[in-house]
Each structure stands twice: as structure tokens, then as C-alpha cells.
Amino acid sequence: MKNHMKYVSLVSLIALTACGGNGGGGSSQSTDGGQHQEMQETEGQYRAILRPLNNTLSGWIPNGKADIKISGDSVEVKSWMDDSANVTHIQSIHAGFRCPRAEDDKNADGVVDYAEAMAVAKPVLVPLDGNLNSQLDGMTLFPKGNYNYFQKASLQSLMGDLTAADDNASDHVVKLPAGKTLDLAGRVVMVHGIVSTRPLPGSVGFISGLTPQASVPIACGVIERL
Amino acid sequence: MKNFLFLCLFFSANMAFAEVIRSSIHSVELSKSDGPHMIKFSNGRVAFLEHQEQFLTSDLLETSRRGDVVEVKLSEEQTLLAIQTVEAKARFKQLNVMEEGVNATYEPTVLGSYQEAKKIFNSFNSSYQRSSECTNRAHIWSHEEFKKSGTKSMKAFIFFTNSYIVRNKFKWWFHVAPMFAVKYNGKVENYVFDYMFNHQPVTVKDWKDNFLFSKRDCKLDGTFIEYDQRADQSQDCYMMFRPMYYWMPGDFSAEEISNVQKSDFLMGDIRAAYSEAF
């Protein structure tokens, strides 16, 4: 909420300056109206069918679904994954608009690894972890194995965090540029993780701090508005 | 029909990660060597039973013959951990719209372009249930498109041989998806619309390669009875194509044994498919 109020105040200030300072009240109203408009446009139900990627690695054909419902200030994310590997599955909404394909294996090592997938799906926007209100909080709480996942969040809190300053511009998590909306439709949900004992080529890229097996993407889907 | 506890077994295997499935048993294939026995369920799933669990095999064979619906717990390796009957009943053959001795040639609709194919693909019902059976999803997708546009499609069935299943600890013994004829680059080719596993319509080869880690070709000229009773284990898979009215592998048996063919959707099949999958 604090971040949101700061955001509104900043936008109000810019609007006042742009309009020559006249009708400050009017500017505030149009900003509030713009924020409300954005929330209304974001409202709705969305779905991503999570289809397998790198399926020869997991020894199975992982598949799942992610449903997102936005109503007023409420954001609900429900997802499931059928995968026999009893491992932690990092799952996230990414900033990009295309799922990786086999052709994106640029070094031809037989695996579309984390780096190759990120080149297409782009950095993480919303980690679907234990806390949707914050990108960084809750990142130790991803679901595991054959999972069902459900989390709720405040849209204002989520957007406030997404539009805040990026404390670490070099990591794989990115903020929304100022003035940008969430624009879920068309963005990508990706899921990662195979058993730790599965051998991988030495050329496979990985998330800093994790193993290549924990990092390799196994499923991806494009979000559609229902 | 009364439910009764048939047999409940708990093995010493780790129960912490167990998958539960519910289905009748299609067949029990006893291993001739020291390897595990294989149980094939009607929903396409496979389970393994350790060779030393001899006392259970006759019960499983009887359960398969009766068509009882069982609930089973499987380990991560698809090993049978526990089993109990949840619905004991005789399995009656559906009175199909099957015409004896009819050899009418089925003419699938040819879609005019790959764009048209993608449009149909993207309109498939995405509200399927988790762990729904492929037979039911494929049947509803085909039926809904036929009702909407009159488009006559096919079904692509892939049957995995025991040697492939054992080698890869594969979860299924068969899989099915709708298949449409599409005019693309001047020629007509079959594309499989497996909405759950692919992002767009794919060629039969690409669809097959999704599931066949060996990427070998499937045997195309075999019958279902041959696959079911004496499959060539040097092969990894058999592939068969049928009109969209064919729902389950059992429909192949009726065709091959009695020369009767399905020539329409059965509302009983459709209702059962909706009920399970959507």
C-alpha cells in the first residue's frame, strides 16, 4: 500500500508539471481514474496450458495448467503440474511472449537450458512462489513434485512491488518499466526442475545458486485471457 | 452395486510420494523371466508388480476379467504399492452404432490451410480436468469440433510395446489424440492436435517423437490384436489411425474380431467422456 501511494503521488506530480500546474485536483482525479482504469483492464480470468519442454530429460511428459483470476484488488493464482519427479519446481510468469522451442537450443547440446530459455521467455516478472505480493519474498517456497498450488495476493501490492526500483538489475528478476501495465495475456509461464541424478551435458546453463537440474525448464505455456 | 475392499497391500517401498489412479484393468502381462509383471489399465496407464508378488497375480487377472474398477497407489517408478476395488461390476460391451460388414470409406474433411488448423486447435476446450484420460479429451475435442463445424477428423493412436515401456519405465501403454487432414504447402498431410501436450498442430512424426524417446518409427501395418497379444518387441510402438468415432482401444477389438465398424458418435460415450474429463 505504501509503495502504491508513492506511485500515485509521483504520477500526480508528473501530470501537474506536464499540464502547467493547472487543475491539480483534476490531475489527481485523472491519475486515480487511470489507476482504476488499469485495474479494470487487468481484471479477468487467464489461463496458461503448461506443455512439456525438454521432456526427454525428465523421463516423463510433464504437463499442467496455470489459472489466474484478477477481480478488483484480488489476484488468485492456481496451478497444477503432473510430473513424476519429486523435486522442487520453480514456476514463474516471465516478461516475454513466447515459449522456448527445441530450435532455441543454440549450442545444440540437446537441452534448451535456463539461459537459452530466458533469451526467449525473458526475465522473471512474477515468481509463483510463497508470496505473490513481492518478487523476492517467498522465493524459497516453490511447489514440489506432482503439485497443486494456490496463492492469493493484493493487485496493488503486487503492482507496487513490480514498479518499485530494481535493487539488483543483474539478476534474473525484472521490474515493470514505469507506466507499464501487467498485461498478462500473451506472457509466458515457465516451470523448472528435474531429478538431481539425471546427468546433463556440461554445457547446460543454470540459475546462479542452483544446480543445472533444478534450473532446466520442463514446461511452458502462454497466458490467454478467457 | 456394493463397493467392497478386495485386497489392500502395502509394500515396504516408500509411500511418501505415491500417485493414485482409478481405472479398470485392461490386461495383466506376466513376466516370463525375473522381471516385473506389467499391469495395463484401461485409462492407458501402466504399473509394475514385482515378480515375487505371485499371490496377487491371480487376483489381478480375475479383476481384469470382471472389469472391476480399482484404485491403485503407484510409486515414482510406477511400482504397485496398494490396490483396492472401488466398483465391482461386470463390464458390458457398449451397444455401439456398429454396422456389420460395412466397409464404407471414411472421408475426413481436409482443412484448407495450416492457419485454419491452428484456429481450430486454439479453440479446443481448455477446461479439462487434471488426470483426465486421453481417450476422453480426444473424443470431446473431436466431437465438439464436429458439432461446431461439421469437420470430420480422425484419431491417432500410439501403442507402446512392453519392451519400450520397461526400458523407459514409461507411464502409458497407449495414447490418443485427434488428427486432422490439412492442406499445407500444396499437399494434404495429417496433423495431430494434441492440445494438452503441443503448442500447435504437429505432424504425426513430431507427435510420435514427443513420447518416443528413441525417435524410432512405429509399426504402421499391425493390428490391435497383434499388438495386444503378440507384439513385436523389437519395435518400440505401433500406430493406428481410425475415424473420429473410435474412442478406446476396445473399439479396435470389435472391429477386428467381428468386422464391425463405428460409424457415428455414441451419446453414451460422449456423456462418459465429458463426465470424466471436463
Side-chain angles (χ1 to χ4, degrees), chain A residues 45-67 78-88 97-104 110 120-121 144-150 185-186 188-190 194-195 197-198 218-226, chain B residues 14-21 44-47 73-79 118 121-134 137 141 158 160 164-172 175 177 193-202 206-215 278:
Chain A
Q45 294 194 58
Y46 303 81
R47 173 172 290 159
I49 305 290
L50 304 173
R51 283 129 174 172
L53 176 61
N54 290 321
N55 45 307
T56 51
L57 292 183
S58 67
W60 174 229
I61 323 290
N63 66 92
K65 228 189 253 189
D67 281 301
K78 188 167 64 173
S79 68
W80 58 262
M81 171 67 49
D82 270 349
D83 179 41
S84 57
N86 190 20
V87 297
T88 298
F97 297 92
R98 175 167 85 75
C99 277
R101 298 188 281 255
E103 306 86 85
D104 295 312
V120 172
K144 199 173 178 185
N146 257 342
Y147 68 78
N148 279 308
Y149 166 91
F150 180 74
V188 150
V189 175
M190 208 150 60
I194 60 173
V195 287
T197 50
R198 187 84 180 195
I218 62 163
C220 181
V222 176
I223 299 172
E224 289 180 6
R225 191 178 191 124
L226 297 181
Chain B
N14 184 6
M15 295 280 285
F17 181 78
E19 187 183 356
V20 176
I21 62 171
R45 289 297 300 268
V46 168
K73 280 195 179 122
L74 303 180
S75 73
E76 227 174 296
E77 310 295 321
Q78 272 81 258
T79 302
K118 275 188 83 170
F121 180 90
N122 289 331
S123 75
F124 274 8
N125 191 337
S126 67
S127 298
Y128 53 85
Q129 298 290 328
R130 183 176 184 173
S131 298
S132 52
E133 295 178 20
C134 56
R137 291 193 304 271
W141 287 329
I158 181 168
F160 305 97
Y164 180 78
I165 293 167
V166 168
R167 233 182 309 131
N168 294 283
K169 286 281 185 187
F170 204 64
K171 276 189 177 181
W172 302 330
H175 183 51
F193 288 38
D194 202 343
Y195 185 77
M196 193 178 197
F197 293 104
N198 296 121
H199 294 283
Q200 63 269 325
V202 295
D206 284 346
W207 178 68
K208 179 258 305 171
D209 286 347
N210 267 338
F211 309 107
L212 211 69
F213 304 143
S214 64
K215 312 295 182 199
F278 289 89

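Treat the numbers as computed from the prediction; the structure is a model and nothing was measured.
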**Prompt:** Are any side-chain N or O atoms of A:Lys65 and backbone N or O atoms of B:Arg130, one a donor and one an acceptor, separated by less than 3.5 Å?
**Reply:** no

**Request:** Identify which part of A:Asn148 has an atom lying under 4.5 Å from any heavy atom of chain B, answering side chain, backbone, both or neither.
**Result:** both

**Message:** Distance check, rounded to the nearest 0.5 Å: B:His175 atom NE2 versus A:Ile61 atom CD1?
**Reply:** 8.5 Å

**Asked** Residues two or more places apart in sequence or in another chain: which of them pass ring pair (Phe, Tyr, Trp, His ring centres under 6.0 Å) with A:Tyr46?
**Response** none

**Fill in**
Closest heavy-atom pair, A:Arg47 versus B:Ser126, reported as atoms and distance to 0.1 Å, is NH1-OG, 2.8 Å

**Message:** Using side-chain heavy atoms (C-beta onward) and a distance below 4.5 Å, is B:Asn210 in contact with A:Pro52?
**Reply:** no

**Item:** Toward chain B, the part of A:Asn63 with a non-hydrogen atom under 4.5 Å
**Value:** side chain

**Message:** Which atoms of B:Ser127 are under 4.5 Å from chain A, going by heavy atoms: the side chain, the backbone, both sets, or neither?
**Reply:** both

**Fill in**
Here the pair of heavy atoms bringing B:His199 nearest to A:Cys99 is CE1-SG, 3.8 Å

**Message:** Does any backbone or side-chain atom of B:Asp194 lie under 4.5 Å from a heavy atom of chain A? Answer side chain, backbone, both or neither.
**Reply:** neither

**Prompt:** Who among A:Val222, A:Leu226, A:Asp82 has the most heavy-atom pairs with chain B under 4.5 Å?
**Reply:** A:Asp82

